[in-house]
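Comments concern the structure below.
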2 protein chains.
Amino acid sequence: MSSTYTRESAAEGVESALKLLEGRWKLVILFHLFGGHVLRFSDLERSIEGISQKMLIQQLRQMEADGIVRRIVHHQVPPKVEYCLTDWGQALCPALDALLGWASQRDRAAAASESPPGRVA
Amino acid sequence: MSSTYTRESAAEGVESALKLLEGRWKLVILFHLFGGHVLRFSDLERSIEGISQKMLIQQLRQMEADGIVRRIVHHQVPPKVEYCLTDWGQALCPALDALLGWASQRDRAAAASESPPGRVA
DNA sequence: CGGTATCCAAAGCGATACTG
DNA sequence: CAGTATCGCTTTGGATACCG
């Protein structure tokens, strides 16, 4: 941890960052858009199993307001709206990778110490 | 993103990792324990402003069950219980740092593109 | 096609009181 | 000191129906 942050400000900073990712479907949407993919509303709806229109639009709207997702409206009939990540949204990739790496250390770390196995989420 | 993961498994992996950190007070507790600090229940209660006993014990118990926090009971009267991070819990630091770094890129990224400022959490 | 609107159930959280 | 128990509010998410 760099010395730029106090214990409290770091906690708040990470907390507000995590808030942007909280929501039942945000990460799923994110991973569908990673890699520069540009998808229509109906594409996302079809490829994300179990999501409702309400939740899809809600999560997309929040991520758009947060600057993670960009919404592209093509004014035509029938309507066509596409979604992709902003540069900043794309930049999430390494951070999520770090989190994934941490999660993968779980078993090795548990084996190294004598601590109990613990609950598996 | 390494090629070890599919779009879906990566989403699930990160999702389950984030689940371990979700909870109103977990990050705050985490940051109080980072750096190898060993704190008593009452220490945490006093240093974390606004937390109730119920929430403190609840978040600690979950993090303990998840293998992030270790609980050390000293059998004596009056009771004395201490909490610290497991090795794996300590290993969260770089991942959270990456998230903090991403969050700090927000303004620069917004300035670079012509996208609207967006909601500030 | 790409949304809104409404209603309801479940989970999260806070306040308060009590206990070994 | 270090918890547990209970209650009620608030937030979140799912199901369904409707609209431009």
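Chain A is the first sequence line, chain B the second, and so forth, proteins listed ahead of strands; every chain is numbered from 1.
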Practice prompt. Please determine if a side-chain N or O atom of B/Tyr83 lies less than 4.0 Å away from the OP1 or OP2 oxygen of D/dG3.
Written response: yes

Worksheet item: Do the side-chain N or O atoms of B/Arg61 get closer than 4.0 angstrom to the phosphate oxygens (OP1, OP2) of D/dG3?
Response: yes

Discussion item. Tell me if a side-chain donor or acceptor on B/Thr86 pairs with a main-chain N or O of B/Ile68 at a distance below 3.5 Å.
Written reply: yes

Worksheet item: Should B/Trp25 be listed as having a side-chain N or O under 4.0 Å from OP1 or OP2 of C/dC13?
Response: no

Practice prompt. Kindly point out which of D/dT4, C/dT4, D/dC1 is positioned nearest to the side chain of A/Gln53?
Written response: C/dT4

Worksheet item: Hey, is the side chain of A/Arg24 poking within less than 4.0 Å of OP1 or OP2 on D/dG14, counting only N and O atoms?
Response: yes

Discussion item. Side-chain N or O of A/Arg40 versus OP1/OP2 of C/dC1: is the shortest distance under 4.0 Å?
Written reply: no

Fill in: Side-chain N,O (B/Ser42) to OP1/OP2 (D/dA2) below 4.0 Å
yes

Practice prompt. To the nearest Å, give me how far apart CD1 (B/Ile57) and C1' (C/dA15) are.
Written response: 18 Å

Worksheet item: Hey, does A/Ser52 reach any base, or is it just sugar-phosphate, or nothing, if we go heavy atoms under 4.0 Å?
Response: nothing

Worksheet item: Is B/Arg46 touching bases, backbone alone, or none of the nucleic acid, heavy atoms closer than 4.0 Å?
Response: nothing

Practice prompt. Rounded off to whole Å, could you give me the CD-to-P distance for the B/Glu45 and D/dT4 pair?
Written response: 13 Å

Item to complete: Calculate the interatomic distance between A/Leu56 atom CG and C/dA5 atom C1'; express it in whole Å.
Response: 17 Å

Worksheet item: So what does A/Gly23 touch, heavy atoms closer than 4.0 Å: a base, only the sugar-phosphate, or nothing?
Response: sugar-phosphate

Worksheet entry | Whole-Å gap separating C1' (C/dC13) and NZ (A/Lys19) | 14 Å

Discussion item. Regarding C/dG14, can its base be found pairing with the side chain of B/Lys54 as donor and acceptor, where the two atoms are less than 3.5 Å apart?
Written reply: yes

